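This report concerns only the one structure given below.
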Amino acid sequence: MALQKYINLLSRFEAGDMSASDFEDQYMKTFKGEKSHIDEPYFSALNDLFFDVDSYCDDPSLRDDGDIDGDELRGRARATLKVLWRNIA
């Protein structure tokens, strides 16, 4: 199932096994390269996270209004993971 790779990636990030910058890179590559059809509500949750990842800025001196830091990105990834688990359980 296509969702398993997202669950694994988000779980590793939530657990602190990867930095926000590494997660940003891996999530963007995974999502942009997705070839499988992903049904709702999973796609909406993953698409929303895509925009969150796009808003992530590692450098506080470069952050603008609407940009998020690593802690906020981790929280949004956690919320997405809950949606994925809730809807496949």
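FYI, side chains are in, hydrogens and waters are out, and symmetry mates aren't considered; it's all heavy atoms of this structure. Fair warning: this is a prediction, and the values are worked out from it, not measured in the lab. FYI, the numbering just counts along the sequence from 1.
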Ring pair (Phe, Tyr, Trp, His ring centres under 6.0 Å) partners of Tyr56, counting only residues at least two apart
none

Atom pair OG (Ser19) and CG (Asp58), whose distance is rounded to the nearest 0.5 Å
7.5 Å

Where Ser36 and Ala2 come nearest, the two heavy atoms and their spacing:
CB-CB, 3.7 Å

Intermediate values then yes/no, side chain to side chain contact (heavy atoms under 4.5 Å, CB included), Val83 and Tyr42:
CA-CA 7 Å; Val83 169; Tyr42 315 114; 5.7 Å; no

Do the numbers put Arg74 on top of the ring of Phe13, so that NZ or CZ is under 6.0 Å from the six-membered ring centre and no more than 45° off the axis?
yes

In the structure I gave you, are the side-chain heavy atoms of Leu46 and Tyr27 within less than 4.5 Å of one another anywhere?
yes

Just wondering, do Ile38 and Tyr6 contact through their side chains at under 4.5 Å, heavy atoms?
yes

With sequence neighbours excluded, give me every salt bridge (Lys or Arg N to Asp or Glu O under 4.0 Å) pair touching residues 21-49.
Lys5-Glu34, Asp25-Lys29

Does anything in residues 63-73 form a side-chain hydrogen bond (donor to acceptor under 3.5 Å, both in side chains)? List the pairs, not counting sequence neighbours.
Glu72-Arg76

Nearest atoms (heavy-atom pairs only) where Thr80 meets Ala45:
CG2-O, 3.8 Å

Distance (rounded to the nearest 0.5 Å) between Leu73 CG and Cys57 SG:
11.5 Å

State which residues pass side chain to side chain donor-acceptor pair (under 3.5 Å) with Thr30; sequence neighbours excluded, sorted by chain then number.
none

ILVMFWY network linking Phe43 to Phe51, side-chain heavy atoms under 4.5 angstrom
yes

So how far is it from Arg78 CZ to Leu49 CG, rounded to the nearest 0.5 Å?
12.5 Å

With sequence neighbours left out, write down each residue that passes side chain to side chain donor-acceptor pair (under 3.5 Å) with Asn8, or none if nothing qualifies.
Gln4

Name all residues meeting the side-chain contact (heavy atoms from CB on, under 4.5 Å) criterion together with Ser55; count only those two or more places apart in sequence or in a different chain, and write none if there are none.
Ile68

Smallest separation among heavy atoms of Ala77 and Leu10, with atom names
O-CD2, 3.4 Å

